[in-house]
Amino acid sequence: MNQKKCILRKICVASLLFFGMFFLSQSFVRAEEEEGLPEELPTDKYELYYEHPEGRGELKENKNFIYCYNETYKGIEILKYKKAGRKWKVKELKIPKQIDNKPVTVLADYSFFYCRYAKKVVLPKTVTDIGAMAFWACGVDSNSALRLEIPKNSRLKKIGGEAFAWSSIELLKLPDSLQIIDGSFEGCGKLKKVILGKKTRLKEMQSCFIECKMLTEITIPKTVKKMGGTFSICPNLKKITFQGEPPKYIFRSFNGIHPDAVFHVPKKYKKQYRKLLKKAEGYKSTMKIL
């Protein structure tokens, strides 16, 4: 009998340890999700990764950067910031206007990847193109909002896929020169406000604000002609203002927004918007078109 009791006690202890470890692991998963990062974090190879495409100028480096001359963009392309990645605690990323007396025009894919303690990113007016995942998850561990500073006279035209995804940006002011946003701010869980200038030239908003769960309102300028998955899974997005005629393409752009969302549209296009939005995936009968 004593032997049976002993075995039962061991089974109970083992069960408690198993379930305790299970719930503890689940709490870590939840904590990671609350930080806004994907479940699978990138490995070190992404932090060190850069490409030197064929046809570019000679590969060079200085104290801070690996870079080359880009003939297409008539300037320096920064391929890699040497202190990018999780092990560094850089708090300010100030991109230089020039390297080797030539303007810095391109920030390559992964160039400032996962600078997780960054509190500020300062872009010069010379940069025209920001590559995919260039500032991925920047500021996510800084305990404050990431401040993105772009000058009013910026020449920036394109922000690539997931360029600032999962970063800690709260306020986003985009320059009038910008034409394409392509998945650029996905998962920015702290993002509350997006400001576009009155003279904006923005044409495409593709998947750019997916899972921006703090975003409550947005104005879509009349220049925008193409959207796709733009505001998917933005559950607090309740006010959407269109300034011009309906975009030609809005596939899944409002799937998962607030069920009581209100669309404000120009009067002369109201009939067209009604037809377009009511057929759109994610549109609910509780939403309004005014």
Side-chain angles (χ1 to χ4, degrees), residues 36 38 129-136 148 150 156-167 169-198 200-266 269 272-284 286-290:
D129 194 294
I130 298 175
M133 301 180 82
F135 294 93
W136 192 92
L148 176 58
I150 307 174
L156 184 62
K157 292 182 179 180
K158 181 181 178 181
I159 303 178
E162 297 189 45
F164 289 91
W166 312 101
S167 68
I169 294 174
E170 280 188 10
L171 174 63
L172 183 60
K173 291 183 179 180
L174 297 171
D176 290 342
S177 59
L178 191 62
Q179 296 179 21
I180 299 172
I181 313 175
D182 184 10
S184 312
F185 301 96
E186 179 181 349
C188 291
K190 293 183 179 181
L191 183 62
K192 295 178 181 179
K193 193 171 185 179
V194 179
I195 299 173
L196 293 165
K198 292 180 180 180
T200 183
R201 284 170 260 173
L202 189 61
K203 296 176 182 178
E204 294 184 21
M205 298 176 75
Q206 299 274 47
S207 306
C208 47
F209 297 108
I210 294 174
E211 288 194 69
C212 291
K213 296 179 179 179
M214 296 294 286
L215 194 62
T216 58
E217 62 179 276
I218 191 73
T219 296
I220 300 165
K222 61 183 179 181
T223 53
V224 172
K225 304 300 178 187
K226 192 174 183 180
M227 299 171 65
T230 311
F231 302 104
S232 290
I233 322 174
C234 292
N236 290 305
L237 183 58
K238 201 171 181 179
K239 182 181 179 183
I240 302 101
T241 302
F242 284 93
Q243 294 184 326
E245 62 182 299
K248 295 177 182 178
Y249 186 73
I250 64 165
F251 181 67
R252 291 185 177 179
S253 288
F254 303 104
N255 191 22
I257 64 171
H258 196 285
D260 297 322
V262 178
F263 294 88
H264 296 266
V265 303
Y269 299 120
Q272 292 171 251
Y273 271 107
R274 281 185 180 278
K275 185 178 179 181
L276 182 69
L277 291 169
K278 287 186 176 183
K279 288 182 179 179
E281 186 175 345
Y283 185 86
K284 299 183 182 298
T286 51
M287 296 176 180
K288 295 179 181 179
I289 302 170
L290 302 177

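Keep in mind it's a predicted model, so treat the numbers as computed, not measured.
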How close do Leu156 and Ser177 get, counting heavy atoms only, and between which atoms? O-OG, 2.7 Å
Is the Phe135 ring parallel, tilted or perpendicular to the Phe164 ring (thresholds 30°, 60°)? parallel
Using the salt bridge (Lys or Arg N to Asp or Glu O under 4.0 Å) rule, collect all pairs that involve residues 252-261, keeping only residues at least two apart or in two chains. Arg252-Glu281
Exercise: identify the closest heavy-atom pair between Ile220 and Met227: CD1-CE, 3.7 Å
Geometric class of the Tyr273/Tyr269 ring pair [parallel <30°, tilted 30-60°, perpendicular >60°]: perpendicular
Quick one, Leu174 and Thr200 - any side-chain contact, counting heavy atoms below 4.5 Å? no
Should His264 and Phe242 count as side-chain neighbours, where that means a heavy-atom distance under 4.5 Å? no
Min side-chain heavy-atom separation Leu196-Thr219 under 4.5 Å: no
For the atom pair NZ (Lys239) and CD (Glu217), what is the distance rounded to the nearest 0.5 Å? 5.0 Å
Do the side chains of Trp136 and Trp166 get nearer than 4.5 Å, heavy atoms only? yes
Taking all non-hydrogen atoms of both residues, which atom of Met287 and which atom of Ile257 are closest, and how far apart? CE-CG1, 3.7 Å
Candidate list Leu172, Ile218, Leu191, test side-chain contact (heavy atoms from CB on, under 4.5 Å), partner Cys212, passing option: Leu191
Looking only at heavy atoms, the pair that brings Lys222 and Lys225 closest together is O-NZ, 3.5 Å
